[in-house]
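One structure is given here, and the rest of the page talks about it.
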Amino acid sequence: MREQVRQRAADRCEYCQMPQAQTQLPHEVDHIRSLKHQGATSLENLCWACALCNGFKGSDIATYVPETTELTRLFNPRLDHWHSHFAWKNGVLLPSTVIAAATIALLRMNSDRRVSHRQLLIKCGLFPDPQNRQTSQRTSPE
Ligand SMILES: [Zn+2]
């Protein structure tokens, strides 16, 4: 099942889109709805996540949108279309929805270190990965 999840995601984090080949830590299987919250171990509830996204997400399924009291569910790679929620601008993830804003904040997807890493990969032509480059460039006015 792990291999099916990895292949379905093209070995790319389904939250931040980082390809496994461009990170040191191995990507992991994430329970989108965690076991703690009665999530199933099934393909419909699993996604492929980098160690950073998965580590910051933990068993969380929702969080407060920054600077509000609005409790919001996290991005669900099985239900939500990535490009409907996120866009790139020079290695920084821009939220198009409150779900994305909540997810970016909780998973610390725009930490200085992560943005610098992406910017370096962009300079080297390694990010976003070629499979996703066409749609990503369309949303990235650089
Ligand atoms: Zn990630």
Side-chain angles (χ1 to χ4, degrees), residues 1-37 39-68 70-142:
M1 191 179 290
R2 183 180 194 282
E3 185 58 19
Q4 283 180 281
V5 173
R6 186 185 74 77
Q7 286 186 8
R8 177 176 62 190
D11 214 0
R12 186 174 61 220
C13 176
E14 294 188 77
Y15 295 106
C16 75
Q17 300 201 327
M18 181 60 67
Q20 172 64 80
Q22 305 309 330
T23 62
Q24 300 260 323
L25 297 170
H27 282 21
E28 303 164 344
V29 173
D30 171 50
H31 282 80
I32 298 164
R33 178 173 163 181
S34 56
L35 295 170
K36 180 181 181 180
H37 296 288
T41 301
S42 64
L43 286 175
E44 297 74 31
N45 187 46
L46 298 175
C47 75
W48 197 234
C50 72
L52 293 174
C53 284
N54 199 27
F56 288 122
K57 179 178 174 287
S59 63
D60 292 338
I61 54 175
T63 189
Y64 288 92
V65 177
E67 298 164 21
T68 74
E70 188 178 353
L71 183 62
T72 303
R73 73 171 176 88
L74 299 178
F75 175 77
N76 181 328
R78 297 283 75 77
L79 299 177
D80 303 319
H81 183 246
W82 196 91
H83 288 285
S84 299
H85 289 269
F86 302 98
W88 289 116
K89 185 172 184 183
N90 192 28
V92 176
L93 267 176
L94 303 177
S96 307
T97 62
V98 290
I99 288 170
T103 305
I104 288 169
L106 186 74
L107 277 54
R108 301 185 198 173
M109 295 162 95
N110 283 331
S111 70
D112 291 346
R113 190 166 155 257
R114 295 176 81 176
V115 170
S116 297
H117 182 208
R118 288 185 208 121
Q119 289 172 338
L120 180 63
L121 293 173
I122 289 167
K123 279 184 188 165
C124 297
L126 298 170
F127 189 85
D129 75 30
Q131 286 185 330
N132 201 37
R133 188 162 293 164
Q134 189 176 6
T135 52
S136 296
Q137 284 182 342
R138 194 169 53 220
T139 57
S140 166
E142 294 173 298

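The basis for the numbers below is simple: all heavy atoms, side chains too, and nothing from hydrogens, waters or symmetry mates. First listed ligand is number 1; within each ligand, the first listed atom is number 1. Numbering of residues begins at 1 and proceeds along the displayed sequence.
Each protein N/O/S atom under 2.8 Å from the Zn ion (ligand 1) was counted, for a total of 4.
Within the 3.5 Å criterion, the main-chain N or O of Leu25 finds a donor-acceptor partner in the side chain of Gln20.
Looking at residues two or more places apart in sequence or on another chain, you find a salt bridge (Lys or Arg N to Asp or Glu O under 4.0 Å) between Arg78 and Glu14. Applying the ring pair (Phe, Tyr, Trp, His ring centres under 6.0 Å) criterion to His117, with sequence neighbours excluded, gives no partner residue. By the salt bridge (Lys or Arg N to Asp or Glu O under 4.0 Å) test, Glu3 is found to be paired with Arg6, residues two or more places apart in sequence or in another chain being considered.
Inspection of the Thr41 and His31 side chains reveals an N or O donor paired with an N or O acceptor under 3.5 Å.
For the side-chain hydrogen bond (donor to acceptor under 3.5 Å, both in side chains) criterion with Tyr15, the lone passing option out of Thr103, Asn54, Asp30 is Asp30.
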